[in-house]
Amino acid sequence: MLLDAIGGSLPLSVGVALSPLPIAAILIILMTARARTNAPAFLLGWIAGILTIGFVVFLIPGLLTARGDPTPLSGLIRIALGVAFLLLALRQWQQRPAPGAPVEVPRILASLETIGTLRSSIIGFLLSAAHPKNTLLSAAGAAAIEASAPDAAIQYMALVLFSLIASLGIVAPIAAYLISRRKVVALLGRWKDWLIRNNLNILVTLLLVFAALLTVRGIRILTA
């Protein structure tokens, strides 16, 4: 049952892990003088945000039948999330810079070089719990977990594993930094620049993929 919950939510957790903006944020933090304290604080805030979204979803009644099968409400929620992803993708695409125009660094990234530990954790929390794409993916992941595991203890275990998988994009640069700081700093800088330049394309692609996955899953629940 735990494996079913993890398997059902795995694509969504990977989608959270591949978020370009949080990865760019941790790369910037790792190139600052306070990297050893700010990076773990950012990671803890990030995980706390994902867990918070999951706990909120678990409190929503009526997603499962007495047998543990998804209800029509669960299907409708998935379709609504799919539509939300599609609309968000369209909005992001409309806001893309004109061809040849310089890519503007998001404000939240520009402030990371001078912040302290507390603000690092707060920004980590906001990027997972308040960023539209990550919030929707985490909510959909928690709903998938609940649909696969009616037992509350298994749900919470699966949610913790979901949050850990969703944090791999943050953990990997931190691990590389701690293992070999001098060798990876220049590489992290190149990754950061690439992610900032391609943030929009990556984001829109992920949003469209998960819009399709969630909508199809919702329709299958409604027609089962």
Side-chain angles (χ1 to χ4, degrees), residues 1-27 29-30 37-64 68 70 73-74 77-78 80-82 84-85 88 108 112 115-175 178 203 206-207 210 213-214 217:
M1 196 175 294
L2 177 60
L3 292 178
D4 291 337
I6 296 172
S9 63
L10 182 61
L12 299 162
S13 61
V14 172
V16 179
L18 294 178
S19 302
L21 190 61
I23 296 176
I26 193 62
L27 295 179
I29 290 174
L30 289 173
T37 56
N38 286 1
F42 180 91
L43 175 61
L44 290 176
W46 169 265
I47 294 175
I50 297 172
L51 292 176
T52 299
I53 296 297
F55 293 153
V56 171
V57 171
F58 288 166
L59 294 175
I60 299 175
L63 296 183
L64 298 176
L73 174 60
S74 177
I77 289 176
R78 283 172 170 79
L81 288 172
F85 275 124
L88 186 59
I108 197 168
L112 291 174
I115 62 174
T117 304
L118 179 59
R119 286 192 62 191
S120 295
S121 62
I122 292 173
I123 290 176
F125 181 89
L126 292 176
L127 284 175
S128 60
H131 187 281
K133 174 252 184 185
N134 294 329
T135 301
L136 292 173
L137 279 178
S138 296
I145 289 171
E146 189 170 27
S148 303
D151 183 76
I154 294 179
Q155 288 178 6
Y156 289 116
M157 289 174 59
L159 179 61
V160 170
L161 292 173
F162 176 92
S163 67
L164 294 177
I165 296 171
S167 302
L168 291 178
I170 308 297
V171 172
I174 294 177
L178 294 176
L203 183 58
L206 289 173
L207 289 171
F210 287 106
L213 290 175
L214 288 168
R217 176 56 177 160

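Numbers here are sequence positions counted from 1. Values reported hereafter were calculated over all heavy atoms of this structure, with side chains retained and with hydrogens, waters and symmetry mates removed.
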*Over all heavy atoms of both residues, which pair between Ala39 and Leu30 is shortest? Give the atoms and the distance, please.*
CB-CD2, 3.8 Å
*Residues two or more places apart in sequence or in another chain: which of them pass side-chain contact (heavy atoms from CB on, under 4.5 Å) with Leu136?*
Leu81, Ala84, Phe85
_Leu43 CG to Ile170 CD1 distance, which is reported to the nearest 0.5 Å_ = 7.0 Å
*Can you measure from CD (Glu146) to CG (Leu159) and round to the nearest 0.5 angstrom?*
10.5 Å
*Of all heavy-atom pairs between Ser13 and Ile165, which one has the smallest distance, and what is that distance?*
OG-CG2, 3.3 Å
*Tell me the side chain to side chain donor-acceptor pair (under 3.5 Å) pairs involving residues 42-57, sequence neighbours left out?*
Trp46-Ser167
*Smallest separation among heavy atoms of Pro173 and Leu27, with atom names*: CB-CD2, 3.7 Å
*side chain to side chain donor-acceptor pair (under 3.5 Å) involving Ser19 - partner list, sequence neighbours excluded*: Lys133, Asn134
*If you measure from CD1 on Ile47 to CD1 on Ile50, what distance do you get to the nearest 0.5 Å?*
7.0 Å
*Could you tell me the separation between the OG1 atom of Thr135 and the CD1 atom of Ile53, rounded to the nearest 0.5 Å?*
4.5 Å
*At their closest point, which heavy atom of Ala140 faces which heavy atom of Leu214, and how far apart are they?*
CB-CD2, 3.7 Å
Only distances under 3.5 Å count here; give the side-chain donor-acceptor pairs of residues 116-125 to other protein atoms, sequence neighbours excluded, each with its distance to 0.1 Å.
from: Thr117; atom 1: OG1; to: Asn38; atom 2: OD1; distance (Å): 3.4
from: Ser120; atom 1: OG; to: Gly116; atom 2: O; distance (Å): 2.8
from: Ser121; atom 1: OG; to: Leu118; atom 2: O; distance (Å): 2.6

_Ala24: side-chain contact (heavy atoms from CB on, under 4.5 Å) partners, not counting sequence neighbours_ = Leu109, Leu195, Ile196
*Kindly indicate, with the supporting measurements, whether the criterion side-chain contact (heavy atoms from CB on, under 4.5 Å) is fulfilled by Val16 and Ser128.*
CA-CA 8 Å; Val16 179; Ser128 60; 5.8 Å; no
*Looking at CD1 of Ile26 and CG of Leu21, how far apart are the two atoms once the value is rounded to the nearest 0.5 Å?*
12.0 Å
*State, to 0.1 Å, how close Gly141 and Ser9 come at their nearest heavy-atom pair, and which atoms those are.*
O-CB, 3.7 Å
*Which heavy-atom pair separates Ala17 from Ile23 by the least distance, and what is that distance?*
O-CD1, 3.5 Å
*Enumerate the residue pairs fulfilling ring-ring contact (aromatic ring centres under 6.0 Å, His included) with a member in residues 137-167, sequence neighbours excluded, ordered by first and then second residue.*
Phe55-Tyr156, Phe58-Tyr156
